[in-house]
Amino acid sequence: MSIPSASLTHPLLDGLNPQQREAVVHHGSPLLIVAGAGSGKTRVLTHRIAYLLAERDTRPQEILAITFTNKAAKEMRERVDRLIGPRSASMWVMTFHSACVRILRREASRLGFPSGFSIYDQADSQRLMAMVCREMDLDPKRYPPRSFSAQVSNFKNELIDYETAADRASTHMERTLAEAYRNYQQRLTEAGAMDFDDLIMLTVTLLQIFPDVAEHYRRRWRHVLVDEYQDTNHAQYTLIRELVGTPELRTADGDLVREGSAGIAPAELCVVGDADQSIYAFRGATIRNILEFERDYPNARTILLEQNYRSTQTILTAANAVISRNENRKPKNLWSDQGAGSKIVGYVADDEHDEAMFVAQEVDRLADEEGVTPGQVAVFYRTNAASRVFEETFIRTGLPYKVVGGVRFYERKEVRDLLAYLRVLANPGDVVSLRRILNVPKRGIGDRAEAMMEAFAARERVPFVEALRRADEAPGMATRSVNAIKEFVALLDDLVAKAGDTPPSILAQEVLVRTGYRAELENSEDPQDEGRLENLDELISVASEFEEASPEGTLVEFLEQVSLVADADQIPEADGGQGVVTLMTLHTAKGLEFPVVFLTAMEDGVFPHMRSMGEPKELEEERRLAYVGITRAERRLYLSRAAVRSSWGAPSFNPASRFVAEIPSELVDWRSDPRKNAWTAATARRDPSRTAPAKRAGGRQIPSLKPGDRVTHDQYGLGTVVSVDGDKAKIDFGSGGAKTLVLAYAPLEKL
DNA sequence: GACGTTACCGTTTTT
DNA sequence: CGGTAACGTC
């Protein structure tokens with residue numbers, strides 16, 4: 001039992017409120033910290049860890065702290081070190097996925113995997129599922145691989161293996177799915193690969209099947225801390241239970257069973273979360289875990305943090321009003337002592353361009369009148385696609401910005417190709433990667449040869465690589481194909497021989513040269529290939545940085561780090577300078593805070609998203625997303641929407657978001673008549689050219705450009721003119737690279 | 001087997 | 001509208 005908080009004094013408790021102090025010092029039973037937005041939960045977590053180390057005789061290696069993003073983990077570690085000096089090295093502070101990988105690498109052989117197993121992301125696993133479905137001769141219309149892949153992911157989040165899935169299947173569709181699941185899993189195992197969901201599920205399996213492994217980790221970790229507990233799915237929930245070593249476990253049917261924990265007392269569990277910020281149900285997260293914590297851990301203590309240190313009362317009142325519309329929620333009321341602050345500003349734009357322009361102008365105005373820097377401003381939207389208009393407008397107005405997430409670096413084709421090579425070198429059994437690069441760059445191994453190799457491998461019951469090795473034994477193979485395959489295999493063997501003692505960056509260079517990948521891009525006429533080269537060089541420099549950071553690092557470790565990066569990890573750190581406006585989805589925004597926040601496209605159909613509006617449960621999740629968005633703002637909050645929005649093709653006239661209506665109207669200062677959309681919509685119907693600016697026809701003017709001008713290119717998008725040389729201009733397209741273009745022909749437009 | 005064309009598909013949110 | 005997959009042609 002905790003001591004009454006009033007009597008607590010300790011340097012690590014200075015500046016904490018009574019509830020926070022209690023959370024830091026609590027011991028003796030599982031602890032749930034219900035931390036409202038901005039209530040200082042990271043502070044509490046880091047102080048708790050520091051307190052454990054400083055006052056409770058805990059050694060760093062006895063602590064396991066789990067987060068959802070690498071960024072959160074890194075920040076937590078740094079803050080602990082700042083409190084009590086650099087003692088965090090032997091502490092595990094990492095994401096669910098990283099922690100599981102680390103455990104699995106050590107024990108992989110017990111599950112029949114090589115310790116250098118590949119990690120398949122969602123794209124890889126979809127590819128593999130597509131292969132499986134094709135093999136099963138399934139009509140992709142009736143049995144979409146994408147959907148199968150998603151459903152298998154759901155199974156794994158629920159810890160349902162393919163046998164159980166098959167047992168439970170009652171319809172033809174379900175039986176087919178279970179069959180695909182089985183084949184998919186078999187292929188993964190053969191390839192020595194795990195998908196994202198396996199990382200969790202197989203760790204749970206490992207702990208459940210091998211008592212000695214479970215015991216090892218239970219002995220080690222006397223404290224388990226979990227951040228963002230509301231985002232855990234069933235598999236992660238079970239993992240935590242296994243690691244903590246609870247004396248009791250509930251089966252799927254709700255029966256309590258005794259669990260042998262080898263006489264080790266359960267670890268002390270501390271979870272932090274906020275059910276109102278649960279926004280990942282679509283990937284299996286269940287709010288149940290936080291709502292039922294006290295039932296799962298019978299003598300648990302719950303501490304509520306309701307004082308918000310982030311936002312003005314106006315912003316909090318708005319947030320409370322919105323979230324209170326959700327049913328079945330434990331009441332919670334955030335409050336602030338920072339005063340009312342500015343009113344929320346509402347704006348109804350004519351269309352999405354006008355909306356973006358409003359944001360840009362407002363950022364300028366705030367800079368002039370209130371000294372707000374771009375780095376203090378964030379723009380949120382519901383879907384990644386929405387970033388485009390803002391980018392265009394910000395480039396045109398010269399407002400510095402950065403988009404977080406969206407088309408990710410690691411999803412680019414060339415980057416994935418190079419990574420596939422490295423994966424094959426680390427794990428030659430990795431068929432998905434192997435088949436990806438089999439004919440990349442083109443080396444004369446076509447679909448036909450690949451199919452024959454696959455058939456040959458199946459018939460001979462040998463791995464795919466082995467089939468390649470014996471290509472000449474396969475009947476009916478063209479000599480040309482056989483030779484091409486032989487050459488490819490020889491190249492791989494050569495690279496594999498080097499892989500062991502060559503740093504990843506050097507190896508990557510070597511791959512690019514030896515395969516002719518670099519030469520092909522360098523000699524290419526396609527100007528986009530220049531950007532691709534830059535991306536590859538970028539990947540190589542990521543590898544170099546990795547080598548610098550961990551000189552002992554292996555290829556497998558490098559690939560692992562690269563596989564487990566998240567969007568949120570890429571958020572620019574405040575550098576003390578002016579900074580740049582940050583653009584991101586509402587999901588990525590969770591956990592962050594900004595002095596000024598723009599919530600855009602507040603329209604029914606966009607936010608809440610159309611697909612969620614029919615389902616009350618999903619609508620509630622959208623509302624939590626709105627709550628997350630609103631509570632990111634410290635001082636100023638803007639809500640905007642567009643009367644007309646042209647989303648892929650036709651214009652749509654969306655009504656105001658219901659979430660806007662849920663905010664008490666006296667908190668909002670409308671900069672334009674909220675009814676004007678009716679008028680605009682009518683006008684737009686009468687005169688479509690108003691909303692659809694004349695599209696360039698064939699007769700485009702040759703632009704006269706000077707350095708610094710901003711342009712858009714039909715293919716490369718937005719760019720800045722670097723230099724002009726007669727009829728040619730060199731233009732920097734940012735991530736797409738710099739190109740020299742002939743003005744007379746390039747599909748360019750000056751902005 | 002490589003390349004070009006067409007059809008079609010889909011957009012929530014992601015470790 | 002834009003990207004990808006399947007198809008058909010050289």
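Among the heavy atoms of the strands, none lies under 4.0 Å from A/Glu228. Residue-level contact check: A/Arg624 touches neither bases nor backbone, having no heavy atom under 4.0 Å from any strand. Within the 4.0 angstrom heavy-atom criterion, only backbone atoms of the sugar-phosphate kind lie near A/Asn439; the bases stay farther away. Among the atoms of the strands shown, base atoms are found under 4.0 Å from some heavy atom of A/Phe282.
Taking atom CZ of A/Arg127 as the reference point, atom P of C/dA6 lies 11 Å away to the nearest angstrom. Remark: P of B/dT13 and CD of A/Glu622 are 11 Å apart, rounded to the nearest angstrom. Between the P atom of B/dT15 and the CG atom of A/Asp121 lies a distance of 11 Å, rounded to the nearest Å. Taking atom CZ on A/Arg412 and atom P on C/dG3, their separation rounds to 11 Å, with Å as the unit. For the pair A/Ile485 CD1 and B/dG1 C1', the computed distance is 13 Å after rounding to whole Å. As rounded to whole Å, 4 Å separates atom C1' of B/dT15 from atom NE2 of A/His97. The distance between atom CE of A/Met131 and atom C1' of C/dA5, rounded to the nearest whole Å, is 16 Å. Remark: P of B/dT14 and CG of A/Asn233 are 17 Å apart, rounded to the nearest angstrom.
The 5' end of DNA chain B is approached more closely, in terms of each residue's nearest nucleotide, by A/Ser481 than by the other of A/Gln122 and A/Ser481. When each of A/Glu621 and A/Ala478 is assigned the nucleotide of DNA chain B bearing its nearest heavy atom, the one mapping closer to the 5' terminus is A/Ala478.
Judged by a 6.0 Å distance limit and a 45° cone about the ring axis, A/Arg105 is positioned over the six-membered ring of A/Phe117. Relative to the six-membered ring of A/Phe464, A/Arg435 meets both conditions, a distance below 6.0 Å and an angle of at most 45° to the axis.
Among the nucleotides C/dG2, B/dT11, B/dT14, the one closest to the side chain of A/Arg146 is B/dT11. Here the side chain of A/Arg480 is nearest to one of B/dT15, B/dC3, B/dG1, namely B/dG1. In this structure, of B/dT15, B/dT11, B/dT14, it is B/dT14 that holds the atom nearest to the side chain of A/Tyr280. In the set B/dT13, B/dA2, B/dG1, the nucleotide with an atom closest to the side chain of A/Thr383 is B/dT13. Closest to the A/Thr585 side chain, of the nucleotides B/dT15, B/dT11, B/dT13, is B/dT13.
Residue A/Asn70 places no side-chain N or O under 4.0 Å from the OP1 or OP2 atom of B/dT15. Within the 4.0 Å cut-off from OP1 or OP2 of B/dT13, not a single side-chain nitrogen or oxygen of A/Thr588 is found. OP1 or OP2 of B/dT14 has at least one side-chain nitrogen or oxygen of A/Asn384 nearer than 4.0 Å. For the pair A/Arg134 and C/dA6, the criterion of a side-chain N or O lying under 4.0 Å from OP1 or OP2 is not met.
A/Tyr237 and A/Arg241 share a side-chain donor-acceptor pair at under 3.5 Å. No donor-acceptor contact under 3.5 angstrom links the side chains of A/Tyr229 and A/Asn289, judged on distance only.
Checking side-chain atoms of A/Asn483 against main-chain N and O of A/Arg480 turns up no donor-acceptor pair under 3.5 Å.
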Checklist entry - For A/Tyr181 and A/Phe155, what are the C-alpha separation, side-chain angles and deciding distance, and is it a ring pair (Phe, Tyr, Trp, His ring centres under 6.0 Å)? => result CA-CA 9 Å; A/Tyr181 182 3; A/Phe155 278 139; 5.6 Å; yes
Item to check | Bracket notation of DNA chain C in which parentheses pair within the strand, [ ] cross earlier pairs, and | pairs with another strand (Watson-Crick or G-U, under 3.5 Å) | outcome: .|||||||||
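When ring centroids are compared, A/Tyr280 and A/His587 come within the 6.0 Å threshold.
Taking every heavy atom of both residues into account, A/Asp274 and A/Ala35 meet most closely at CB-O, 3.2 Å.
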